[in-house]
**Student:** 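I have a structure I would like to understand better, so I am pasting it below and will then ask my questions one at a time.
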Amino acid sequence: QVQLVESGGGLVQSGGSLRLSCVVSGRAFTTIGMGWFRQPPGKEREFVAAITYTGSSTNYADSVKGRFTISRDNAKNTVYLQMDSLKPEDTAVYYCASARTSYSYRTYRSANDYAYWGQGTQVTVSS
């Protein structure tokens, strides 16, 4: 059974930083790309960032580019999202997800390209 468990969310002031972590078990983590999505209050889930299985390529939503960094540690089966210069509009539940396709050099922005999801972690940015 595949499990993705996020952690690291919380309450932070505008301009602050948080680092989210997502530990993956039950699947060959080193062969799959990963992504982060978020769902702001009252809105639909949206793409945030993605990384290939090797970590050689990343992709970001325009709204977070230059502020957020996705990375992975294959030895720890963990993907990270470093969030800097946080803004109130970053407030959302953040989800990590693992891609459907193994050994792909593509990064995926559509939720349909992801097979497994974590339970989400709340990030709240106060103004």
Side-chain angles (χ1 to χ4, degrees):
Q1 184 176 358
V2 180
Q3 282 193 317
L4 288 75
V5 180
E6 301 103 334
S7 61
L11 174 62
V12 64
Q13 289 189 334
S14 182
S17 298
L18 283 174
R19 188 176 81 154
L20 305 183
S21 300
C22 173
V23 179
V24 180
S25 61
R27 192 177 178 194
F29 177 77
T30 58
T31 71
I32 54 173
M34 298 293 297
W36 285 96
F37 289 74
R38 67 186 182 187
Q39 186 164 16
K43 297 184 179 181
E44 294 187 351
R45 191 174 299 190
E46 62 186 26
F47 169 77
V48 175
I51 189 167
T52 54
Y53 76 101
T54 61
S56 60
S57 183
T58 58
N59 196 344
Y60 296 93
D62 288 345
S63 59
V64 306
K65 200 171 295 183
R67 299 187 298 121
F68 290 11
T69 303
I70 188 171
S71 62
R72 64 189 297 155
D73 185 339
N74 283 351
K76 296 182 178 180
N77 279 18
T78 302
V79 62
Y80 303 98
L81 185 68
Q82 177 67 42
M83 304 186 295
D84 299 317
S85 302
L86 282 161
K87 305 175 181 180
E89 51 264 44
D90 294 318
T91 294
V93 178
Y94 284 72
Y95 300 89
C96 67
S98 61
R100 296 184 183 278
T101 306
S102 301
Y103 298 111
S104 173
Y105 286 99
R106 289 183 54 193
T107 53
Y108 299 97
R109 299 172 66 98
S110 170
N112 292 332
D113 289 314
Y114 293 86
Y116 298 98
W117 295 78
Q119 81 289 349
T121 186
Q122 177 70 46
V123 172
T124 303
V125 184
S126 62
S127 57

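Any value given below was found using the heavy atoms of this structure, including those in side chains, with hydrogens, waters and symmetry copies removed. If you're wondering where the values come from, they're calculated on a predicted model, not measured in any experiment.
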**Student:** For the atom pair OG (S126) and CD (Q13), what is the distance rounded to the nearest 0.5 Å?
**Tutor:**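 Reported to 0.5 Å precision, the distance equals 5.0 Å.
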**Student:** Begin from the C-alpha positions of R38 and S63 and carry the test side chain to side chain contact (heavy atoms under 4.5 Å, CB included) through to its verdict.
**Tutor:** CA-CA 12 Å; R38 67 186 182 187; S63 59; 3.4 Å; yes
**Student:** Under the side chain to side chain contact (heavy atoms under 4.5 Å, CB included) rule, what do N59 and Y108 come out as? Steps first, then yes or no, please.
**Tutor:** CA-CA 8 Å; N59 196 344; Y108 299 97; over 6 Å; no
**Student:** Supply the atom-to-atom distance M83 CE to R67 CZ, rounded to the nearest 0.5 angstrom.
**Tutor:**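 Going from the CE atom of M83 to the CZ atom of R67 covers 9.5 Å.
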**Student:** Starting at CG of N77, measure out to OG1 of T30 and round the result to the nearest 0.5 Å.
**Tutor:**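 These two atoms lie 7.5 Å from each other.
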**Student:** As an exercise, state the distance from CG of D113 to OG of S98, rounded to the nearest 0.5 Å.
**Tutor:**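 With rounding to 0.5 Å, CG (D113) is 12.0 Å from OG (S98).
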**Student:** Side chain of E6, backbone of C22: donor and acceptor closer than 3.5 Å?
**Tutor:**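 No, E6 side chain to C22 backbone: no donor-acceptor pair under 3.5 Å.
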**Student:** Atom OH of Y114 and atom CE of M34: how far apart are they, to the nearest 0.5 Å?
**Tutor:**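 Rounded to the nearest 0.5 Å, the OH-CE separation comes out at 8.5 Å.
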**Student:** Can V23 be reached from L20 by stepping across I, L, V, M, F, W or Y side chains whose heavy atoms are under 4.5 Å apart?
**Tutor:**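 L20 does not cluster with V23.
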**Student:** Are F37 and Y80 co-members of a hydrophobic cluster defined by side-chain heavy atoms under 4.5 Å apart?
**Tutor:**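 Y80 and F37: separate clusters.
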**Student:** Given the side-chain rings of F68 and W36, with only the six-membered ring counted for Trp, is the space between their centroids under 6.0 Å?
**Tutor:**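 Here the rings of W36 and F68 have centres that are no less than 6.0 Å from each other.
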**Student:** Starting from F29, can I reach I51 by hopping between I/L/V/M/F/W/Y residues whose side chains sit under 4.5 Å apart?
**Tutor:**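 They do share one cluster, since a chain of ILVMFWY contacts under 4.5 Å joins I51 to F29.
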**Student:** Using a strict threshold of under 4.0 Å (side-chain N to carboxylate O), is an ion pair present between D62 and K65?
**Tutor:**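 Looking at D62 together with K65, the answer is yes, because their closest N to O distance falls below 4.0 Å.
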**Student:** Once rounded to the nearest 0.5 Å, what's the spacing between atom SG of C96 and atom CD of Q119?
**Tutor:**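 Output value for this atom pair is 7.5 Å.
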**Student:** So does K76 get a backbone contact from the side chain of T78, meaning a donor-acceptor N/O pair under 3.5 Å?
**Tutor:**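 Yes, T78 side chain to K76 backbone: donor-acceptor pair under 3.5 Å.
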**Student:** Are Y60 and Y95 grouped together when hydrophobic residues (ILVMFWY) are joined by side-chain heavy atoms under 4.5 angstrom apart?
**Tutor:**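 No, it is not one cluster - the side chains of Y60 and Y95 are not joined through contacts under 4.5 Å.
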**Student:** Honestly curious: do V48 and V12 fall in one hydrophobic cluster under the side-chain, below-4.5 Å linking rule?
**Tutor:**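 Yes, same cluster.
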**Student:** Could you check whether any side-chain heavy atom of P40 comes within less than 4.5 Å of a side-chain heavy atom of E89, counting everything from C-beta outward?
**Tutor:**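 They are not in side-chain contact.
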**Student:** Taking side chain as C-beta onward, heavy atoms only, is V79 less than 4.5 Å from I70?
**Tutor:**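 Counting from C-beta outward, V79 and I70 do come under 4.5 Å.
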